[in-house]
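Here's the structure, in structure tokens; my notes come after.
Values reported hereafter were calculated over all heavy atoms of this structure, with side chains retained and with hydrogens, waters and symmetry mates removed. From a predicted model like this one, the values you see are computed outputs, not experimental measurements. Numbers restart at 1 for each chain; the letters A, B, ... are given by sequence-line order, proteins then strands.
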There are 2 protein chains.
Amino acid sequence: MMSVRPYADAVEKLRAAGLRPTRQRLALWKLLFSGGDRHVTAEALQAEAAGAGVRVSLATIYNALHQFTQADLLREVVVDGAKTYFDTNTTDHHHFYVERDGELMDIPGEAVEVSGLPATPAGMALERVDVIVRLRASDESKA
Amino acid sequence: MMSVRPYADAVEKLRAAGLRPTRQRLALWKLLFSGGDRHVTAEALQAEAAGAGVRVSLATIYNALHQFTQADLLREVVVDGAKTYFDTNTTDHHHFYVERDGELMDIPGEAVEVSGLPATPAGMALERVDVIVRLRASDESKA
DNA sequence: ATAGTTGCAAAAGTTTTGCATTGTA
DNA sequence: TACAATGCAAAACTTTTGCAACTAT
């Protein structure tokens, strides 16, 4: 018979990824995938979990984030040397990045086209093309 | 009268940037700008300096790299959360990145065009558009 | 002589690791 | 019960900071 518990989806998706549906992974899953697309850092996710009454160690958060990434449930986004962002949107897309706030926004991938790229060097295969549009508040008094 | 010492250019460029042409900065300058375009990490640059018989502390390397960056003599490139790269090419251009080797290659900027980007959000000004083409060795046995 | 620089070591920050404990199946 | 996952604390790393000693002008 079919389960009617919440998380039924999550349980199956985790199993499909070869990951046991543990309490922690389910809690993180819910935080990550309940709303729309999200961009989180390990630290922010831990704070959220804590706010939701779930105690998860940072080590476990990192473990889960990397496991989810390997299972193609998350995508790592590199925009700032200081912090690693994980994106719940794993489809082909790009990013706006507001350096001052550390805020990331998706740019749908279908619209964007990059032309004029040279051929991939011999012996190399194209893995992915990342476009990062860096923004600053236009009313910043300086610069 | 005109100086015929090596570094004459460097001395002037540093002065123009408001930086004293100290022994360390001149040595780093030479390492950075003697060849063609280069992509270096702080650690790699220190190793190079050491190999050239110049002892410079990592702290000084970081100081110099950031000062050069502020003076628009270098450009910071973010491709990997673990390490910060500095690029001696400050003109508008993009990058190939081979994750496995941590190798960066320039893609001339004139050729590349990014189209279909949505309008910059209200109150925001466009700072820069970075295109990173991630590559992997095509003969990698796995994945 | 003065003010900017350097070097060191220690601090700060993020991410990873090792191992005993716990929980899932 | 067995094996994977967790949590903690400590380690590993890169980058930054503070301050005494040094050096360019």
Side-chain angles (χ1 to χ4, degrees), chain A residues 3 5 7-8 10-29 31 39-47 49-50 53-71 73-74 76-86 99 102, chain B residues 3 5 7-8 10-29 31 39-47 49-50 53-71 74 76-86 99 102 104:
Chain A
S3 167
R5 290 180 309 152
Y7 301 144
V11 169
E12 276 163 39
K13 288 240 171 87
L14 285 172
R15 284 225 171 86
L19 299 170
R20 285 192 189 168
T22 62
R23 189 183 312 119
Q24 290 85 347
R25 292 212 265 239
L26 285 170
L28 296 178
W29 182 284
L31 290 172
H39 303 92
V40 302
T41 61
E43 213 184 6
L45 187 56
Q46 187 184 41
V54 184
R55 254 201 69 280
V56 191
S57 74
L58 246 195
T60 299
I61 303 256
Y62 275 108
N63 284 343
L65 288 173
H66 287 138
Q67 288 156 349
F68 289 2
T69 300
Q70 276 193 315
L73 303 168
L74 289 179
E76 223 173 307
V77 182
V78 179
V79 284
D80 182 289
K83 234 149 193 162
T84 304
Y85 289 80
F86 293 85
E99 211 139 341
Chain B
S3 167
R5 288 181 308 155
Y7 299 146
V11 169
E12 278 163 36
K13 288 241 170 86
L14 284 172
R15 284 222 170 89
L19 299 170
R20 281 194 192 166
T22 60
R23 189 181 314 120
Q24 291 84 346
R25 292 211 266 240
L26 285 170
L28 296 179
W29 182 285
L31 290 171
H39 303 93
V40 301
T41 61
E43 212 184 6
L45 187 56
Q46 187 184 41
V54 184
R55 251 199 73 281
V56 190
S57 75
L58 246 196
T60 298
I61 302 254
Y62 275 108
N63 284 343
L65 288 173
H66 287 138
Q67 289 156 348
F68 289 4
T69 300
Q70 277 194 315
L74 289 178
E76 224 172 306
V77 182
V78 179
V79 284
D80 182 289
K83 235 151 192 161
T84 303
Y85 288 81
F86 292 86
E99 211 139 338
L104 263 179

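A distance of 8.5 Å separates CG in B/D80 from NZ in B/K83, rounded to the nearest 0.5 Å. The CZ atom of B/F86 lies 7.5 Å from the CG atom of B/L74; values are rounded to the nearest 0.5 Å. From B/E43, atom CD reaches atom CG of B/L45 across 11.0 Å, with rounding to the nearest 0.5 Å. Between atom CG of residue B/L28 and atom CD1 of residue B/I61 there is a gap of 4.5 Å, rounded to the nearest 0.5 Å. Rounded to the nearest 0.5 angstrom, B/R20 CZ and B/L26 CG are separated by 13.0 Å.
For B/E76, the CD atom is densely surrounded, since the number of other residues' heavy atoms within 6.0 Å is greater than 12.
Residue contacts shown for B/T84 are limited to sugar-phosphate atoms, with no base heavy atom under 4.0 Å away.
Computed from coordinates, the B/L45 CG to D/dT15 P distance equals 12 Å when rounded to whole Å. Atom CD of B/E43 is separated from atom C1' of D/dT16 by 16 Å (rounded to the nearest Å). Across the protein-nucleic acid pair, A/Q67 atom CD and D/dA5 atom C1' stand 8 Å apart, rounded to whole Å. Here D/dT14 presents its C1' atom at 11 Å from CZ of B/F86, a figure rounded to the nearest Å.
Residues passing the side chain to side chain donor-acceptor pair (under 3.5 Å) test with A/N63: none are found, sequence neighbours excluded. Residues that satisfy the side chain to side chain contact (heavy atoms under 4.5 Å, CB included) test with B/A44, not counting sequence neighbours, are B/T41. With sequence neighbours excluded, no residue forms a side chain to side chain donor-acceptor pair (under 3.5 Å) with A/T69.
Each of B/S57 and A/Y85 was matched to the nucleotide of DNA chain C holding its nearest heavy atom; the match closer to the 5' end belongs to B/S57. Each of B/L58 and A/L19 lies near DNA chain D, and the nucleotide nearest A/L19 is the one positioned closer to the 5' end.
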- prompt: Once each nucleotide of nucleotides 20-25 of chain D is scored for protein heavy atoms under 4.0 Å, what B/S/- sequence comes out, 5' to 3'?
  reply: ---BBS
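If you walk DNA chain C from 5' to 3' and mark each nucleotide with an atom closer than 4.0 Å to a heavy atom of chain B, the marks span C/dA3 to C/dC8.
The main-chain N or O of B/V56 is found under 3.5 Å from a side-chain atom of B/Q46 such that the two form a donor-acceptor pair.
The side chain of A/T60 contributes no N or O atom lying less than 4.0 Å from OP1 or OP2 of D/dT6. Remark: B/H66 is not in phosphate contact with D/dT15, judged by side-chain N or O atoms under 4.0 Å from OP1 or OP2.
The end-to-end axis angle of the helix from C/dA1-D/dT25 to C/dA25-D/dT1, rounded to 10 degrees and based on five pairs per end, is 30°.
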